[in-house]
Amino acid sequence: MNKNKSEHTKDDNYLKHVSQIDQVNFLNFRRYLIDWYETVKRDLPWRKNQDPYKVWVSEIMLQQTQVDTVIPYFDRFIKQFPTPAALANAEEDQVLKAWEGLGYYSRARNLHAAVKEVAASYGGQVPVDKEELKSLKGIGPYTLGAIMSIAYNQPEPAVDGNVMRVLSRVFIIEEDIKKVKTRHIFEALVRRLIDQKRPSDFNQGLMELGALICKPTKPLCEECPLQSICLAHQQKIETTLPVKSKAKKQKKLNYYVAVIESPEGKILIEKRPSEGLLANLYQFPMIEQTKTDCSLLSEYLSAEYDTNLNQEQMLEPVKHVFSHLIWSIDAVKFMAQASFIPKEHQRWVDKKELGDLAFPVPHQKVLRQI
DNA sequence: AACGCGGGGCC
DNA sequence: GGCCCAGCGTT
């Protein structure tokens, strides 16, 4: 059975709900887009060559993260881990430290695991095969298409938020881009639109256009190479697109954080669990505040550790907003007595060593105060 | 299909 | 405050 044919039949089913696409000249779309991209293309660190490893690292970092944020992380990361082998041989703590502050830390853990898999099963070469590439941890539909097109010049769709924004406007597609099904519509459309000879420039051009011109609010339509063929612009409805359902409001959580110093001047830290929020990162001991909990933190801790803790100083409270949570932290510094016994998942570290461990930003805000 | 998962920049 | 971002894995 012809696999390509079956894929295209599926594409047709997705696309037939989008009646307007016939009105746009695909040939002009390609030409306008790629000509524009050639003239404005930014000189980004991962565009120096098509090294699949560097393309891969950059695409993982760029997930849900803006270009300007990624650049310094990418440069440091590649300097520290220049090859798949170098990354595969690194300790996870090192990799997380290199990712510290970038967020979505499962990206780093998955990339590390995937590179180990590449070293073990693919002789250290990033697979060219679609199925093999897609089987690697952290490589989903978008990243698969990005690596296939940018590193290997294969005509695969790489549909991200930029692409959906641009295409939803040019073709007036009013499906909710939060839904997975909607991404399939755009992938089907890109399979028809993509320049078979220049898939890399086509995909990157689409994303570049979304980032520089076809912005979420205040798109710069007067500078847009697709202005003459953009259906939403013709109808002056470009700012109503794309349609996107609203995110839930963040849940608020209150914590106590204890910075505990030993008589030798060491600091108590703990490693977070290997799953869930901020997995495997380090932090100062932290407990959630509950109404029933004692209001005096030192009493609670002294009982918990079966020894007296002398409160030294109240630190400035820390507020930190995640995409789905808001942490409010009351931080207190304590001096421990010699009889203090850390818990299983905790240990004392020299203040100098704190810098070698990856702390989530809210705990960095506490750390900065000591 | 819905949800959990960071952090910074912008308005 | 709310919204945005070169998404993915789990359930």
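Chain letters run A, B, ... following the sequence lines, proteins first and then strands; every chain starts at 1.
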Measure CG/A/Leu111 against P/C/dG7 and give the value in whole Å, please. 16 Å
NA contact type, A/Thr143, heavy-atom cut-off 4.0 Å: base, sugar-phosphate, or nothing? sugar-phosphate
Stretch residues 40-51 of chain A: residues that reach within less than 4.0 Å of DNA chain B through a heavy atom: none
When the C1' atoms of C/dA6 and B/dC11 are compared, how many Å lie between them, rounded to an integer? 23 Å
For the student: nearest non-hydrogen atoms of A/Tyr152 and A/Val126, plus distance: OH-O, 2.7 Å
Lys/Arg N to Asp/Glu carboxylate O, A/Arg42 vs A/Glu208, below 4.0 Å: yes
With rounding to the closest Å, how many angstrom separate the P atoms on B/dG8 and C/dC8? 22 Å
State whether A/Lys215 places a side-chain N or O below 4.0 Å from either non-bridging phosphate oxygen (OP1 or OP2) of C/dC4. no
Using atom P in both nucleotides, what's the gap between B/dG6 and C/dT11 to the nearest angstrom? 16 Å
Counting primed atoms plus P, OP1 and OP2 as sugar-phosphate and everything else as base, spell out the protein contacts along nucleotides 6-11 of chain B at 4.0 Å heavy-atom distance: B, S or - for each nucleotide, 5' to 3'. BBB---
Verify whether one side chain among A/Tyr305 and A/Gln346 offers a donor that lies under 3.5 Å from an acceptor in the other. yes
Kindly point out which of C/dA6, B/dA2, C/dG2 is positioned nearest to the side chain of A/Asp160? C/dA6
Measure the acute angle between the ring planes of A/Phe171 and A/Phe26, then classify it against the limits of 30° and 60° as parallel, tilted or perpendicular. perpendicular
Between A/Glu261 and A/Lys351, is the closest basic N to carboxylate O distance under 4.0 Å? yes
Using a cutoff of under 3.5 Å, can you pull out all pairs of nitrogen or oxygen atoms linking the protein to nucleotides 9-11 of chain C, with atom names and distances?
from: C/dG9; atom 1: OP1; to: A/Gly138; atom 2: N; distance (Å): 2.4

Rounded off to whole Å, could you give me the CG-to-P distance for the A/Asn280 and B/dC5 pair? 14 Å
Looking at C/dC5, C/dG7, B/dA2, which one has an atom nearest to any side-chain atom of A/Arg165? C/dC5
Do A/Val115 and A/Phe81 make a side-chain contact, defined as non-hydrogen atoms from C-beta onward lying under 4.5 Å apart? no
Where does the angle between the aromatic ring planes of A/His363 and A/Phe359 fall among parallel (under 30°), tilted (30 to 60°) and perpendicular (over 60°)? tilted
Students often get this wrong, so: under 4.0 angstrom with heavy atoms, is A/Val67 touching a base, only sugar-phosphate, or nothing? base
Between A/Lys248 and A/Val180, which residue's closest nucleotide on DNA chain B lies nearer the 5′ terminus? A/Val180
